[in-house]
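Below you'll find the structure, written out as C-alpha cells, and then a few comments.
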2 protein chains.
Amino acid sequence: MSKQTILVVDDEQDLLDLIEYNLKKEGFKVLKAENGEQGIMAAREHKPNLVLLDIMMPKMGGIEVCDQMRSDPELKHIPIIFLTARSDERTEIEGLDKGADDFITKPISTTKLISRIKAVLRRFDENQEQVQVLEVHDLKIDKDRYIVLRGNEEFQLPRKEFELLYYLASKRGKVRDRQTLLNKVWGDNIYVVDRTVDVHVRKIREKLGDHYIETVKGVGYRFKE
Amino acid sequence: MSKQTILVVDDEQDLLDLIEYNLKKEGFKVLKAENGEQGIMAAREHKPNLVLLDIMMPKMGGIEVCDQMRSDPELKHIPIIFLTARSDERTEIEGLDKGADDFITKPISTTKLISRIKAVLRRFDENQEQVQVLEVHDLKIDKDRYIVLRGNEEFQLPRKEFELLYYLASKRGKVRDRQTLLNKVWGDNIYVVDRTVDVHVRKIREKLGDHYIETVKGVGYRFKE
DNA sequence: GTTTGTTTTGACAAATCAAATAAGATTAAT
DNA sequence: ATTAATCTTATTTGATTTGTCAAAACAAAC
C-alpha cells in the first residue's frame, strides 16, 4: 500500500510543524500550506487523500477554502477535517453544511488527531468499495478475507506470506528484487535482511506448490504469467 | 424525495409557532402537539420522520412520551430530539438512556435546530439501510430485539457483544482489524484499547461456540462464510 | 570438473500475537 | 444502597509467525 498524502493548511507555523512531525511518524506523506490560497493550489497540484483545514486564517478562511474545493470537480471528493479554535457553534454548523467530514478542536491531542484522520480515511475508502480479489491461474487471492482459494481448497496463509503473494500476484509477470519486495510488503523504514524474502517465498511454495512464484537468479522473484 | 414530516411537541404555543415557521421554511412538513397525550396520538396517526419533544411539560413529560414511543413497535424507530430548558445533566442522561437521538437546549438557535435535525435524519437514513434481522448459518441475529436465536435456543448478549457480532456478521467473510471494529461498534471518537475487542470476541464465543468468529492472526477478526 | 555466485533448505532464535485470566471500573438492576 | 452485570484494562501464557544463520544444493561460467 503506497503512502497516503495529507495536506495541512494552517497559518501557525509551529502547529504546522507539530502536525507534520506526528503524521510523518504515522507513515503519512505530508504537504503544508500557510494560507488558504496556497492550500487550494497544493490541493489542485497534488490531489491529497485528505485535507486538514484551519478555520481561522487571515484572508481566505477555512470555510471558504472548503467551499472552493467542493465546487471543483477534481477536489470535491477529498475529505476535509476542520481545525477550530474552540467549539464554536456557528462555524461548526456552517462547516458541516459545507461538507466537512469531521471537526477537531484545538488544542489538538495527537492521538485523537491521528485516530480521527484514520477514521475518516477508512470511512471514505469503504465507500469506494473496491473488490480486492485477484484471480490468477487457478488461484483466487482475496484480500478482503485474507484467504487464498484454489477450487474449493482454502489456504490460510499467515499475514506476511499472504501479503507477499498478493503483491507479487498483483504485479504478475514482473520481476521484483528483494529490496523492493521488502519496501512494498514490509514497509519503508523497516530493516530486515533481504534473505528473509527467500524464506517467505519458500513457505508459500510449501503450501501452494512451486508453480506460482519463479526465481530469477541474481534479480529477484516473479509471479508466473 | 417527498417531504419529511416532523412532529413538534411543546406546551408553549409561541415556541411551537416559531419552530413551525422555521421548519416549513426548510421544506419540512410540520405537525404540532401541545402536550404529551396529543403527541403520542399524533405520532400513532401520522408516523412522522422525527419528533421534537419538550422535556418539561405538565402532566405527561417528554421522557414519558419517549418511553411510550419506544415501547410501541410501530413508533420505536422514530428518532427523537429533546428540547430542554437548560443543560440539565440529569435529565439529559436519563433521556439518552431512553433512546433520545439528540438534545437541544433552549433558547433555541434556529440554525442549530435545523442542522441537528438534518444530522439526525441523515444518520437515521444510513441505519435504515441495515437489515434488522440477519440470518447467517444457523443464527438469527435480531437487531430489533437485541437477541440471537439458534433453533429455539435464545441468547441474550449484552450490548457490545451483540453489536460486535452483528457488525461482523453483516460483513460476513470479510476481515476487519481491531481499530475498524472499534470505530464501527464503539464509535469514531471513543478511545479504548484495541485488545478490548478480543475480550468481547471471547465472550461471544463462550456463549455461541467458537465456530462463528474466526481469528486472522496479525490482521483481525472475520465472521465465517 | 572446478569455481563462483546464488538460492534453497533445515534448524533455530526472536518477536509477535491472541487466548485466557483476573481484577478494576463503570453501569444497570434490585 | 447494595448487588449484579457489563465493560475495560492489565498480565500471563502458549502458540504461531517472523527473522536469522549457515550448510547444502544448484546453476552458470570458466
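Reckoned from all heavy atoms, side chains included, excluding hydrogens, waters and symmetry mates.
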Query raised in the report: From the 5' end of DNA chain D to its 3' end, which nucleotides mark the outer limits of contact with chain A, defined by a 4.0 Å heavy-atom distance cut-off (strictly under)?
Result: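 Listing 5' to 3', DNA chain D meets chain A from D:dT17 to D:dA27.
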Report task. Identify whether any heavy atom of A:Val199 sits under 4.0 Å from a base atom; if not, whether one sits that close to sugar-phosphate; answer base, sugar-phosphate or nothing. Result ->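 If one applies the 4.0 Å heavy-atom cut-off, A:Val199 turns out to touch a base.
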Query raised in the report: Between A:Asp194 and A:Leu157, which is nearer to the 5' end of DNA chain D once each is assigned its nearest nucleotide?
Result: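 In this pair, the answer is A:Leu157.
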Requested in this report: Select from B:Pro158 and A:Val192 the residue whose nearest nucleotide in DNA chain D is closer to the 5' end of that strand.
Outcome: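 Its nearest nucleotide being more 5', the pick is B:Pro158.
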**Report entry** side chain to side chain donor-acceptor pair (under 3.5 Å) involving A:Asn183 - partner list, sequence neighbours excluded
**Finding:**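 Expected list: none.
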Write down the atom of [X], the atom of [Y], and the distance for their closest heavy-atom approach.
{"X": "A:Asp10", "Y": "A:Leu15", "value": "OD2-CD2, 3.2 Å"}
{"X": "A:Asn49", "Y": "A:Leu121", "value": "O-CD2, 3.7 Å"}
{"X": "A:Cys66", "Y": "A:Leu53", "value": "N-CD2, 3.9 Å"}
{"X": "A:Ser170", "Y": "A:Leu134", "value": "N-CD1, 3.6 Å"}
{"X": "B:Pro48", "Y": "B:Leu7", "value": "CG-CB, 3.8 Å"}
{"X": "A:Ile204", "Y": "A:Leu164", "value": "CD1-CD2, 4.1 Å"}

With a 3.5 Å cut-off and sequence neighbours excluded, list the donor-acceptor pairs that the side chains of residues 213-225 of chain A form with protein atoms.
residue  : atom : partner  : partner atom : Å
A:Glu214 : OE1  : A:Arg222 : NE           : 3.0
A:Glu214 : OE1  : A:Arg222 : NH2          : 3.4
A:Thr215 : OG1  : A:Arg205 : NH2          : 2.8

Query - DNA chain C contacts among residues 201-210 of chain A, heavy-atom distance under 4.0 Å - result: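 Contacting residues: A:Arg202, A:Arg205.
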Requested in this report: Scan residues 217-224 of chain A against DNA chain C and write down, sorted by residue number, each residue with any heavy atom closer than 4.0 Å; if none is found, say none.
Outcome: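 Here the set is A:Lys217, A:Gly218, A:Tyr221.
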**Report entry** Atom pair distance, as rounded to whole Å: CG in A:Asp177 and P in C:dT7
**Finding:**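 My rounded result for the distance is 11 Å.
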Report task. Give me the one residue out of A:Phe162, A:Trp186, A:Tyr167 that meets ring pair (Phe, Tyr, Trp, His ring centres under 6.0 Å) with A:His200. Result ->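 Of the listed options, the one satisfying the test is A:Trp186.
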Query raised in the report: So what's the dot-bracket for DNA chain C: Watson-Crick or G-U pairs under 3.5 Å, [ ] if a pair crosses, | if it pairs off-strand?
Result: ||||||||||||||||||||||||||||||
Partners passing salt bridge (charged side-chain N to carboxylate O under 4.0 Å, His left out) against [X] (at least two apart in sequence or in another chain):
{"X": "A:Arg172", "result": "none"}
{"X": "B:Lys32", "result": "B:Asp17, B:Glu20"}
{"X": "A:Glu12", "result": "A:Lys106"}
{"X": "B:Asp198", "result": "B:Arg178, B:Arg195"}

Query raised in the report: Are any of the side-chain heavy atoms of A:Asp142 and A:Val148 separated by less than 4.5 Å?
Result: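 The answer is no; the side chains never approach within 4.5 Å.
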Query raised in the report: Does B:Asp177 reach the side chain of B:Leu181, with side-chain heavy atoms less than 4.5 Å apart?
Result: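 No. Closest side-chain heavy atoms not under 4.5 Å.
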Report task. On DNA chain C, check which nucleotide each of B:Asp198 and A:Val216 is closest to and give me the residue with the more 5' one. Result ->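 By nearest-heavy-atom nucleotide position, the 5'-most residue is A:Val216.
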Query - Which residue lies more 5' along DNA chain C, comparing B:Arg178 with B:Arg159 via nearest heavy atoms - result: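 That would be B:Arg178.
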Which protein N or O atoms sit under 3.5 Å from an N or O of nucleotides 1-3 of chain C?
none

Query - N or O in side chain of A:Thr215 less than 4.0 angstrom from C:dT8 OP1/OP2 - result: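 Yes, A:Thr215 has a side-chain N/O under 4.0 Å of OP1/OP2 on C:dT8.
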Query - Summary of salt bridge (charged side-chain N to carboxylate O under 4.0 Å, His left out) pairs that have at least one residue in residues 158-167 of chain A, sequence neighbours excluded - result: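 Residue pairs passing salt bridge (charged side-chain N to carboxylate O under 4.0 Å, His left out), neighbours aside: A:Glu161-A:Lys207.
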